Amino acid sequence: MNVLVLGSGGREHAIAWKIKQSPLCTNLFVMPGNPGCSQIATLISGSPKDFSAVKEVVLSNKIDLVVVGPEEPLVLGLRDNFEADAELKHVLFVGPGKAGARLEGSKEFAKEFMQKYNIPTAAFKSFRGETIGEGNIFLESLKAPYVLKADGLAAGKGVVILNSLEEAKKELRSMLGGKFGNASSRVVIEQFLSGIEVSVFILTDGKDYLVLPEAKDYKRIGDGDTGLNTGGMGAVSPVPFVTEEFMGKVKSRIIEPTLKGLQSEGIDYRGFIFLGLMNCGGDPYVIEYNVRMGDPETEAVMTRIDSDLLSHLISCAKGELKNETIKIAAENALTVVCVSGGYPESYRKGMKISGNPLIKENTFSGRVKIFHSGTAINENGELVTSGGRVFAVTTNGSYLSETETEKIEEGREAAYDMVDKIFFEGKNFRKDIGLDIIRYIKES
Ligand code: AMP
Ligand code: GLY
């Protein structure tokens, strides 16, 4: 089977790495990919949002299966484009069509969907320019902190949480006034939920589903969850409070009603669903849906899947997931993201990367894996930085320690040891990945 992965981040590197291990994989392509992906796949330049370029790549490389990493091509209707094209419609495709992708592409749609199908989520109301007055009244009825969300895709920056009512009203005015362009022409205001967040992932063909390993993301730039929000600074999997009992609630209260809801809406959903959940005193609430895998969660999650991901993806695309069983390794995985100095605000690109001899070669030795994210090869053939998040270093498996906390500690040591061997000007990373999990286990 010839497989094409669309996207360029650590998530796509990790997905490609896992697919590559399958005996079902003949040729693997990533568009546009990154230097890490080039160690295991053929890179094809171009944007996944350029539908005619994607078509050309699929036809010229006789691609049998397409896996979409990021949400944007899905929200723009890449799947619909395949289905409507006589030359492409036979190609297996993992990722929802435009209608299903609205679960991520429109917060208002997602909230109304959850309300309609009784899926636990924060109470909310949605407003537009003409109803700003009602928005202010709704804010007055809530207690701080105030959560405001741009309806559309806003590059991960569309959620604003504020402590004062005045600031919240000002933010509402600014958002509806075009702060995020069209994405904030509608704004969802919702009740603040306090609890611990967890990312749960499923692969579904719209009827059946596989639950992938869950993960915890570290969203803030600074240790101890301080500073600005980022795309994600690290991940751990498993998450200890995700017990069988908790997962039972996630399945019966969230996953199954979500799939039933999609069916009732006439949406034939085939792809990943990423449930951003809040654990509020043992009960799961949906913070958000994403129609793709998480980054950097994927870089931890993929290393814990022991079964053949490609086989799961093929069955998903064919609508035959009921025949598949996922096997998940017990070992914990821990991912530390190395970012460019200044990220998530402005940062420099083109910094030379040196230090670890494994970086340019095959990096998947033993239990430490380096997934590339914002890296590139410059005109002199040197590996350089090209983005905010540069590498995701993951450790997994074969721990010598006995107890769970010691294993996480051991994973931390191995990951940070590798992080210390990667050099580029301005390198920054969080030093506390996994510490909260160790604390949680010790306290419970
Ligand atoms: P989202 O883009 O919807 O994932 O939101 C970004 C982050 O804002 C989430 O990961 C949460 O940490 C936080 N957040 C979003 N909605 C809420 C809420 N209703 N209550 C508390 N925190 C929230
Ligand atoms: N790590 C969060 C996300 O991918 O949206």
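Both ligands and their constituent atoms are indexed starting at 1 by order of listing. Predicted model, so just to flag it, every value in this text is computed and none were measured. Both backbone and side-chain heavy atoms feed into the values below; hydrogens, waters and symmetry mates do not.
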For this session: Would you mind telling me which of Lys125, Arg128, Lys149 makes a side-chain hydrogen bond (donor to acceptor under 3.5 Å, both in side chains) with Glu108?
Result: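 With Glu108 as partner, Lys125, Arg128, Lys149 yield a single side-chain hydrogen bond (donor to acceptor under 3.5 Å, both in side chains), made by Arg128.
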
For this session: Would you mind telling me which of Arg220, Lys219, Arg430 makes a side-chain hydrogen bond (donor to acceptor under 3.5 Å, both in side chains) with Asp225?
Result: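 Among Arg220, Lys219, Arg430, the one that satisfies the side-chain hydrogen bond (donor to acceptor under 3.5 Å, both in side chains) with Asp225 is Arg430.
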
Exercise. Can you list the atoms of ligand 2 that are under 4.0 Å from a heavy atom of Gly231?
Worked result: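 Those atoms are 1 (N), 2 (C).
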
For this session: May I ask you to check whether Asp217 has an N/O atom sitting below 3.5 Å from an N/O atom of ligand 2?
Result: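 Looking only at distances, the answer is yes, because the N/O contact criterion of under 3.5 Å is met.
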
Problem set entry | Nitrogen or oxygen atoms of Lys219 and ligand 2 under 3.5 Å apart |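 N/O-N/O distance below 3.5 Å does not exist for this pair.
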
Side-chain polar contacts of residues 114-123 - donor-acceptor pairs under 3.5 angstrom, sequence neighbours left out - could you list them?
unit_1: Lys116; atom_1: NZ; unit_2: Glu265; atom_2: OE2; d: 2.7
unit_1: Tyr117; atom_1: OH; unit_2: Glu265; atom_2: OE2; d: 2.4
unit_1: Thr121; atom_1: OG1; unit_2: Lys111; atom_2: NZ; d: 2.9
unit_1: Thr121; atom_1: OG1; unit_2: Val286; atom_2: O; d: 2.8

Test item: side-chain donor near acceptor, [X] and [Y], under 3.5 Å:
X	Y	value
Ser373	Arg389	no
Asn34	Ser8	no
Tyr289	Thr258	yes
Glu299	Thr335	no

Exercise. Which is it for Arg292 and ligand 2 at heavy atoms under 4.0 Å: side chain, backbone, both or neither?
Worked result: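 The side chain, only.
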
For this session: Under 4.0 Å, heavy atoms only, figure out whether ligand 2 is touched by the backbone of Glu297, its side chain, both or neither.
Result: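 The part of Glu297 near ligand 2 is the side chain, not the backbone.
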
Problem set entry | Side-chain donor or acceptor of Asp223 paired with backbone N/O of Lys431 under 3.5 Å |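 Looks like yes, one N/O pair under 3.5 Å.
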
For this session: Verify, without hydrogens or angle tests, whether Tyr218 (side chain) and Ile221 (backbone) share a donor-acceptor contact under 3.5 angstrom.
Result: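 A pair under 3.5 Å: no.
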
For this session: Report all protein residues having a heavy-atom distance below 4.0 Å to some atom of ligand 1; order the list by chain, then number.
Result: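 For ligand 1, the residues that come within the 4.0 Å heavy-atom cutoff are Lys107, Ala122, Val147, Lys149, Val159, Ile161, Glu190, Gln191, Phe192, Leu193, Glu197, Lys219, Met278, Ile287, Glu288.
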
Exercise. Would you call Gly294 a ligand 2 contact, heavy-atom distance under 4.0 Å?
Worked result: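 Per 4.0 Å heavy-atom rule, Gly294 contacts ligand 2.
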
